[in-house]
Amino acid sequence: MSAKDEINLSNIPEHIAIIMDGNGRWAKEKGEHRIFGHSSGVESVREALTAASEIGVKYLTLYAFSTENWSRPQEEVNALMDLLVQTIANEIESLNENRVQLGIIGDVSNLPESCQKALHEAIEATKHNDRVTLILALSYSARWELTNAVKKISQDVANKLISPSDVDEKLVCSYLATDGIPDPELLIRTSGERRISNFLLWQLAYSELYFTDVFWPDFRKENFFEAILNYQNRERRFGLVSEQL
Ligand code: IPE
Ligand code: IPE
Ligand code: MG
C-alpha cells in the first residue's frame, strides 16, 4: 500500500517548502561529480511537484540556490545556472499542461542575464495557471529578504507613505518576497541535515519541520507522501493546550 492511500485529503497543507539537499553527497557516493547530483535532482523536482499536485497542495516552494551558495567553486555555480536555464526552458510546456504557475523569490538581479530571461519568460508563460504555484527560491536567503523589507519600510516611512504606527505583522508580511502567499504549514529537508540554512525565517515561525535522510536525487513521490502522513499525525497547538483545539 502506498502512503498516499493513508493521507487524509481534508487535512492537506496548503503550502509546503522543501530544502532540497544532498545532491553533492549523493553523487560522491556514486563516484560521480557533484554536478551530476544536481542534474539528477531535476527528476526529484518533477516528482515532488506531481505529488503536490495530485493531493491538492496549492504552493510548493523549493530552495534551489541560497545567497551563501554564490561562494561555492565557480565551476559549480556556473553549472547550476546553466542547469537552471535549460531545465526551465525544457519544462515550460509541461508546467502549462499541468496548470503550474511559476514564481520566484530571491535577489534575482544577481542571476546571470540568461537565467533572468528564462525565468521571466516562464513566469509570463505560466501566469494564468491555477492548479499549483511552484516558487523557486533563487539567490535567496531569509536575512537578505528581511534586510530588504526593513530597508523598504524605512524608505516608505521617510517618504511619509506609511507611519511607524502602521508597522504590524501584516505590514511586514507585505514587504516580504512571499507577499500574498500563505506561510508553509510544512518544511521538508532532505539529506539528514537538521537546520534551516537561512530559509524563510519569518514564514517558518509555526511550520512543522520534517527531516529525512534521503538525498534529494533519491526523493520520490512516496517520500513526499510519507512526509504528509507524518505531518498529519502531529498536533499543531500554536501556543494553546490540547483541550482548546
Ligand atoms: C543541494 O545539494 C543543492 C544546492 C545547495 C544547490 P548540495 O549541493 O548542498 O549537496 P550536499 O549537501 O553537498 O550533499
Ligand atoms: C541549503 O543547502 C540551500 C539549498 C538547498 C539551496 P546547503 O547545502 O547550501 O546548506 P548548508 O551549507 O548545508 O547549511
Ligand atoms: Mg548541502
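Remember, predicted model here, so these are calculated numbers, not experimental data. Just follow the structure's listing: the first ligand is 1, and inside any ligand the first atom is 1.
- Nearest protein heavy-atom contact of atom 9 (O) of ligand 2 is N69 ND2, 2.9 Å.
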Audit row: I153, I162, side chain to side chain contact (heavy atoms under 4.5 Å, CB included) steps and yes/no: CA-CA 8 Å; I153 291 172; I162 52 171; 4.0 Å; yes
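- The shortest contact between atom 13 (O) of ligand 2 and any protein heavy atom is with R195 NH2, 2.8 Å.
- The residues K58 and E14 are annotated as not salt-bridged, no charged nitrogen and carboxylate oxygen being separated by less than 4.0 angstrom.
- Both tests pass for K30 against the ring of W26: distance under 6.0 Å to the centre and angle within 45° of the axis.
- Within a 6.0 Å sphere centred on CZ of R99, heavy atoms belonging to other residues, nucleotides or ligands number more than 12.
- The shortest contact between atom 7 (P) of ligand 2 and any protein heavy atom is with R72 NH2, 3.8 Å.
- Within the 4.0 Å heavy-atom criterion, neither part of A137 lies near ligand 2.
- Applying the 6.0 Å contact sphere to NZ of K28 captures no more than 12 heavy atoms from other residues, nucleotides or ligands.
- The shortest heavy-atom distance from G22 to ligand 1 is under 4.0 Å.
- The atoms of ligand 1 that sit less than 4.0 Å from any heavy atom of H38 are 3 (C), 8 (O).
- Shown here for L245 and E235, the closest heavy-atom pair between the two residues is CD1-CG, 3.5 Å.
- The single protein non-hydrogen atom nearest to atom 2 (O) of ligand 2 is R189 NH2, 3.7 Å, given as residue, atom name and distance.
- K117 has a carboxylate O that lies under 4.0 Å from a charged side-chain N of E121, or vice versa, which qualifies the two as a salt bridge.
- Ranking the protein heavy atoms by distance from atom 5 (C) of ligand 2 puts M20 O, 3.4 Å first.
- Among the atoms of D21, an N, O or S atom is found under 2.8 Å from the Mg ion (ligand 3).
- With rounding to the nearest 0.5 angstrom, the CG atom of N223 is 9.5 Å from the OG1 atom of T190.
- Summarising the local packing, CD of Q244 is surrounded by more than 12 heavy atoms from other residues, nucleotides or ligands at distances under 6.0 Å.
- Close placement of the F238 and Y206 rings is indicated, their centers lying within 6.0 Å of each other.
- The neighbour count for E43 CD, taken as heavy atoms of other residues, nucleotides or ligands under 6.0 Å away, is above 12.
- On a distance-only criterion, G24 and ligand 1 share at least one N/O pair closer than 3.5 Å.
- Among protein heavy atoms, atom 14 (O) of ligand 2 sits closest to S197 OG, 2.6 Å.
- Checked against a 3.5 angstrom limit, the closest N/O atoms of S66 and ligand 2 fall outside it.
- For R25, no heavy-atom contact with ligand 2 is shorter than 4.0 Å.
- For atom 11 (P) of ligand 2, the nearest protein heavy atom lies under 4.0 Å away.
- Considering each of V77, I19, N23, the one bringing a non-hydrogen atom nearest atom 3 (C) of ligand 1 is N23.
- Closest protein heavy atom to atom 6 (C) of ligand 1: A64 O, 3.4 Å.
- Contact annotation for F65 and ligand 2: only backbone heavy atoms (N, CA, C, O) come within less than 4.0 Å of the ligand.
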